[in-house]
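Structure first, then comments.
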Amino acid sequence: MAAIVIVGAQWGDEGKGKATDILGGEVDYVVKPNGGNNAGHTVVVGGEKYELKLLPAGVLSENAVPILGNGVVINLEALFEEIDGLVARGANPERLRISANAHLVAPYHQVMDRVQERFLGKRAIGTTGRGIGPAYADKVSRIGIRVQDIFDESILRQKVTSALDVKNQILVKMYNRKAIDPEEIVQYFLSYADRLRPMVIDAEAELNKALDEGKRVLMEGGQATMLDVDHGTYPFVTSSNPTAGGACVGAGIGPTRITTSLGIIKAYTTRVGAGPFPTELFDKWGEYLQTVGGEIGVNTGRKRRCGWYDSVIARYASRVNGFTDYFLTKLDVLTGIGEIPICVAYEVDGERFDEMPTTQTDFHHAVPIFETMPAWDEDITGCTAFEELPQKAQDYVLRLEELSGCRISYIGVGPGRDQTIVRHDVLAD
């Protein structure tokens, strides 16, 4: 029995898709436990690049059963568009299964998302406009639409009507927008019912049965620790819990089932959208990391803000998630840059912080304290073992490991599936 959870340790875009793809070939199930089509993964298989938005990266595995868990919010139009795109490229997503308890993103969620962001102006959160936040808000308010609801037209109509009672008042009276017809929403959902039905299962029961039978389950978290609604840089966060504990809730698997908590972390740091970012760069090196690292959002097309490695955040993520291992990605991007700064602590109003400041205000004003290490000039994209890395690259990895509170078991030296150095195989435990 092995339940492995993969979690982003920064603000997302760390390379979780690659990690899932590598490990997914050796597990029986790959579960996406949170998020929606607001956070994508890029996976390179056989030289082919796949950009996944809603589907778990495990959908490209030849063996694993991919599951959208109960904690996901699903845009049905985006779901089938992505499935059709994979089929057109020769992939086979027919093993995909979906929890009956997962919530659905309705067209009115997207409308509310966009008008609310526009209304906030300079105070906007920087959402993707995909309706993810409003869908989660409805879930917590107990007026959400679940996957199972579209198979009962009477219940579906009641729920949609109830959800729009207040939303239409807000749209018309506050935002000067046209009211949404509940019947149009009902028919929108019903149009997907027949195609969706064969995919829907009691995912929680199936996954726990699989673990009882000694099978391996991989939980692939979306977004990242610093975007967690409880533990991230609130309010500039997502609307779910993309941490290890949230993965348990979003998949219906108890925490005692987890044998490995694997944090995915870049050799530098990026974030998309608004919010504080202590190590952010506004000079040529920020542009360099963005260009060489290909730092463009898979799902949104937005350029990612770039900065140096932040070990304060790494230590924080290690604690919050109980990481057993780190998967360090994009080490190759740092080749040939001369010296590499590493943030080891913050300074706030003259006071040194070796750990995350308690308040939002202090974190917003945090100034990074750096130490530097020499970079390497040799091409590392063909290295297959840690000892093959240049000594300076080895020293950098070992220093990050020392600062980050967790062993670094995997090192990405390129985008390909085979461009990964394995120092410790978590599946061998």
Side-chain angles (χ1 to χ4, degrees), residues 7-14 122-126 223-238 241-246 261 263-286 288-290 295 304-323 326 328 334 337-375 395-408:
V7 176
Q10 295 160 320
W11 279 284
D13 308 306
E14 302 93 348
K122 293 181 179 180
R123 294 175 288 112
I125 301 300
Q223 290 92 28
T225 301
M226 300 308 293
L227 294 175
D228 187 282
V229 69
D230 286 296
H231 302 291
T233 48
Y234 190 90
F236 303 100
V237 293
T238 191
N241 291 107
T243 40
S261 180
I264 316 301
I265 197 162
K266 251 177 210 165
Y268 49 99
T269 311
T270 63
R271 100 168 279 177
V272 173
F277 182 180
T279 68
E280 184 172 10
L281 294 165
F282 301 95
D283 58 10
K284 67 175 184 177
W285 292 118
Y288 176 89
L289 293 175
Q290 188 180 86
E295 299 300 347
R304 296 171 186 148
R305 300 156 62 191
C306 297
W308 300 121
Y309 188 90
D310 190 330
S311 61
V312 180
I313 284 176
R315 290 192 292 272
Y316 176 73
S318 296
R319 290 196 305 275
V320 169
N321 294 284
F323 286 147
Y326 262 130
L328 183 72
L334 300 179
I337 68 171
E339 286 192 330
I340 312 172
I342 305 169
C343 173
V344 296
Y346 302 143
E347 182 180 309
V348 182
D349 296 331
E351 180 181 355
R352 179 182 173 115
F353 284 75
D354 290 296
E355 304 299 341
M356 282 285 290
T358 302
T359 69
Q360 176 185 341
T361 300
D362 282 347
F363 186 70
H364 181 77
H365 292 98
V367 176
I369 298 172
F370 289 114
E371 67 175 45
T372 59
M373 296 191 70
D395 291 343
Y396 181 71
V397 172
L398 293 174
R399 182 56 176 152
L400 296 191
E401 185 174 69
E402 181 182 10
L403 288 167
S404 303
C406 186
R407 69 183 177 187
I408 295 175

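One-based numbering along the sequence shown. Hydrogens, waters and symmetry mates play no part in the numbers below; they use all other heavy atoms, side chains included. If you're wondering where the values come from, they're calculated on a predicted model, not measured in any experiment.
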What one should report as the nearest heavy-atom pair of Y396 and A267 is OH-O, 2.8 Å
Test ring pair (Phe, Tyr, Trp, His ring centres under 6.0 Å) applied to Y316 - qualifying residues, sequence neighbours left out: none
Kindly give the heavy-atom pair with the smallest separation between P278 and A366, and that separation in Å. CB-O, 4.1 Å
Going through the checks in order, is the side-chain contact (heavy atoms from CB on, under 4.5 Å) test met by D362 and Y346? CA-CA 10 Å; D362 282 347; Y346 302 143; over 6 Å; no
Of the non-hydrogen atoms in A224 and P242, which two are nearest, and what is the gap between them? O-CG, 3.2 Å
With Q360 via side-chain hydrogen bond (donor to acceptor under 3.5 Å, both in side chains) - residues at least two apart: none
CG of L403 to CG of L398: how many Å apart, nearest 0.5 Å? 11.0 Å
Just how far is it from atom CD1 of I337 to atom CG of L289, taken to the nearest 0.5 Å? 6.5 Å
For D310 and V312, indicate whether the former's side chain and the latter's backbone hold a donor-acceptor pair under 3.5 Å. yes
Sequence neighbours excluded, the answer for side-chain hydrogen bond (donor to acceptor under 3.5 Å, both in side chains) partners of E401 is R423
Is there a side-chain contact between D228 and V237 (heavy atoms, below 4.5 Å)? no
Kindly state each residue pair satisfying salt bridge (Lys or Arg N to Asp or Glu O under 4.0 Å) with at least one member in residues 349-359, sequence neighbours excluded. R315-E355, R319-E355, R352-D354
Residues in side-chain hydrogen bond (donor to acceptor under 3.5 Å, both in side chains) contact with W308, at least two apart in sequence or another chain: none
For the atom pair CE (M226) and CD (E14), what is the distance rounded to the nearest 0.5 Å? 11.0 Å
Can a donor-acceptor pair be found, under 3.5 Å and without considering hydrogens, that links the side chain of E402 to the backbone of L400? no
Any donor and acceptor pair, going by atom type alone, linking the side chain of T233 with main-chain N or O of P276 inside 3.5 Å? no
Considering all heavy atoms, the nearest A9-F323 contact: CB-CE1, 4.0 Å
All heavy atoms of C306 vs all of T270, minimum pair found to be SG-CG2, 3.9 Å
Atom pair CD1/CG of I264 and D13 - distance to nearest 0.5 Å: 13.0 Å
List the residues meeting side-chain contact (heavy atoms from CB on, under 4.5 Å) with R305, not counting sequence neighbours, and say none if there are none. R271, F277, E280
Name all residues meeting the side-chain hydrogen bond (donor to acceptor under 3.5 Å, both in side chains) criterion together with T279; count only those two or more places apart in sequence or in a different chain, and write none if there are none. none
For D395, give me all partners under side-chain contact (heavy atoms from CB on, under 4.5 Å), at least two apart in sequence or on another chain. M373, Q391
With E339 via salt bridge (charged side-chain N to carboxylate O under 4.0 Å, His left out) - residues at least two apart: none
Quick check against the 3.5 Å criterion: does N321 have a side-chain atom that pairs as donor or acceptor with the backbone of T243? no
Sub-3.5 Å donor-acceptor pair from the side chain of Q10 to the main-chain atoms of A317, do we have one? no
T372 side-chain N/O to P341 backbone N/O, donor-acceptor pair under 3.5 Å: no
With sequence neighbours left out, write down each residue that passes side-chain contact (heavy atoms from CB on, under 4.5 Å) with T358, or none if nothing qualifies. none
Among all residues two or more places apart in sequence or in another chain, which pass the ring pair (Phe, Tyr, Trp, His ring centres under 6.0 Å) test with Y288? W285
In chain order, what residues pass the side-chain contact (heavy atoms from CB on, under 4.5 Å) check against A314, with sequence neighbours excluded? I265, Y309, Y326, S404
Return the OG to CD1 distance between S311 and I369, rounded to the nearest 0.5 Å. 10.5 Å
Pair W11, F236 - check side-chain contact (heavy atoms from CB on, under 4.5 Å), show working. CA-CA 10 Å; W11 279 284; F236 303 100; over 6 Å; no
